[in-house]
Amino acid sequence: MKKKIFTFIITGFLTLAFLGCGGNDKKEVRFADAGWDSNKVHNAVAGFIIENAFGYTWSEVPGSTPILHEAIKSGEIDVHMEEWTDNIPSYYPDLKAGLFQELGTNFDDNRQGIYVPKYVIETMAPDLKSVKDLPKYKELFKDSENPEKGRIYGAIPGWEIDNIMYKKYEAYGLNKDFVYFRPGSDAALSAAFTAAYEKKEPIVGYYWEPTWLLGKYDFVLLEDEPYDAEKYFEGKTACPSVKVTIGASNKFKEKAPEIAAFLSKYHTSSKLTSEALAHMQETGDNYNATAKWLLKNNDNLIDQWLDADKAAAVRKALN
């Protein structure tokens, strides 16, 4: 009896081991999930396509930016749809050393800086064009707690860009006429901009794209001095557009060459991403539903990314 039980246990163990090994070889793509909405939307778009056009399953592995980049290098993750290159100090040295592969550029037209609603310029401050014009309009952007000065909304405490924006505030002499007001979170900042926009009140402050807020509302990025890498961290120039790439492990092309070829053609824009995020905010759709919405409303992308038979399979799944 003991022998039979032992044989049963060993057989079961070997079966599980076999299934486990098979699981490692199964047709699955593991995407990096860095936590922000645009990354999740792009994962869902690519995931929908690889599932319906290539017959693969997909999953997401959560983590911070540096940890996920290391996971791409080690092969624990297959694909990162949003490698924010300038935010990863080792990105280009690692790429040059051949520690991972860059499949292509997702988007590179993202912007950040000091924004105002378009209606402010159209109806209240027609000569407001640049950050350096703001002292002329301190009365327009009056601070409720210190009415002798205007209010500029800063970036989120703890973000590197907050240090840069504060240095700009000082370097341009805005501290003489404005209070630099730090919101407690990105949710608090978006709430302030939303409340002002809905009431058509004046507001000025830091924001960035792609975001749902700039996809939903019409804001204008104030002009600044041309970007200069040496002066940027002193706050004395405009912010650069960051190249956001699609990174992959060195094993990925061998594992799924057709999908690697598709992702090398995957190119969107900050504007398109913001529109998808705005759709998600307005409708309450989840990431997967938003991915389908994006593909249905930008059908031309399907042909740009895929061969005719694969494109047909995606459209069939969408409909």
A.B. asks: So does Phe107 get a backbone contact from the side chain of His267, meaning a donor-acceptor N/O pair under 3.5 Å?
C.D. replies: no
A.B. asks: Tell me yes or no: between the side chains of Tyr172 and Asp224, is some donor less than 3.5 Å from an acceptor?
C.D. replies: yes
A.B. asks: Between Phe181 and Arg151, is there a cation-pi geometry (under 6.0 Å to ring centre, at most 45° from the normal)?
C.D. replies: yes
A.B. asks: Would Glu102 and Lys243 pass as an ion pair if we require N to O under 4.0 Å?
C.D. replies: yes
A.B. asks: Quick one: does any side-chain atom of Lys255 pair with a main-chain N or O of Glu28 as donor and acceptor, under 3.5 Å?
C.D. replies: yes
A.B. asks: Has the side chain of Lys310 got a donor or acceptor atom that lies under 3.5 Å from a matching backbone atom of Ala53?
C.D. replies: yes
A.B. asks: Quiz question: by atom type and distance under 3.5 Å, do the side chains of Glu209 and Tyr115 form a donor-acceptor pair?
C.D. replies: yes
A.B. asks: Just checking, Arg182 and Tyr153: is the charged tip under 6.0 Å from the six-membered ring centre and within 45° of the axis?
C.D. replies: no
A.B. asks: Should Lys292 and Asp285 count as an ion pair when the cut-off is N to O under 4.0 Å?
C.D. replies: no
A.B. asks: Is the distance between the ring centroids of Phe100 and His80 under 6.0 Å?
C.D. replies: no
A.B. asks: Answer yes or no: is there an ion pair linking Lys136 with Asp127, defined by an N-O contact shorter than 4.0 Å?
C.D. replies: no
A.B. asks: Any luck finding a side-chain donor-acceptor pair between His42 and Thr273 under 3.5 Å?
C.D. replies: yes
A.B. asks: For the residue pair Thr85 and Glu83, confirm or rule out a side-chain donor-acceptor distance under 3.5 Å.
C.D. replies: no
A.B. asks: Tell me if a side-chain donor or acceptor on Asn298 pairs with a main-chain N or O of Leu294 at a distance below 3.5 Å.
C.D. replies: yes
A.B. asks: Taking atom types as modelled, find out whether His279 and Asn297 have a side-chain donor-acceptor pair closer than 3.5 angstrom.
C.D. replies: no
A.B. asks: Can any side-chain N or O of Asn286 pair as donor or acceptor with the backbone N or O of Ala289 at less than 3.5 Å?
C.D. replies: yes
A.B. asks: Keeping Asp108 on the side-chain end and Ser241 on the backbone end, is there a donor-acceptor pair under 3.5 Å?
C.D. replies: no
A.B. asks: Between Glu82 and Ser38, is any side-chain donor less than 3.5 angstrom from a side-chain acceptor?
C.D. replies: yes
A.B. asks: Do Thr268 and Asn106 have side-chain N/O donor and acceptor atoms under 3.5 Å apart?
C.D. replies: yes
A.B. asks: Would you kindly say whether Tyr56 and Glu51 are connected by a side-chain donor-acceptor distance under 3.5 Å?
C.D. replies: no
A.B. asks: Check for me whether the distance between the ring centres of Tyr169 and Tyr180 falls short of 6.0 Å.
C.D. replies: yes
A.B. asks: May I ask you to check whether Asp218 and Tyr197 show a side-chain donor-acceptor distance below 3.5 Å?
C.D. replies: no
A.B. asks: I'd like to know if the side chain of Tyr217 pairs up with that of Glu198 as donor and acceptor (distance under 3.5 Å, no hydrogens or angles considered).
C.D. replies: yes
A.B. asks: Between Glu234 and Lys231, is there a salt bridge with N-O shorter than 4.0 Å?
C.D. replies: no
A.B. asks: Among Phe193, Tyr119, Tyr207, which residue meets the ring pair (Phe, Tyr, Trp, His ring centres under 6.0 Å) test with Phe219?
C.D. replies: Phe193
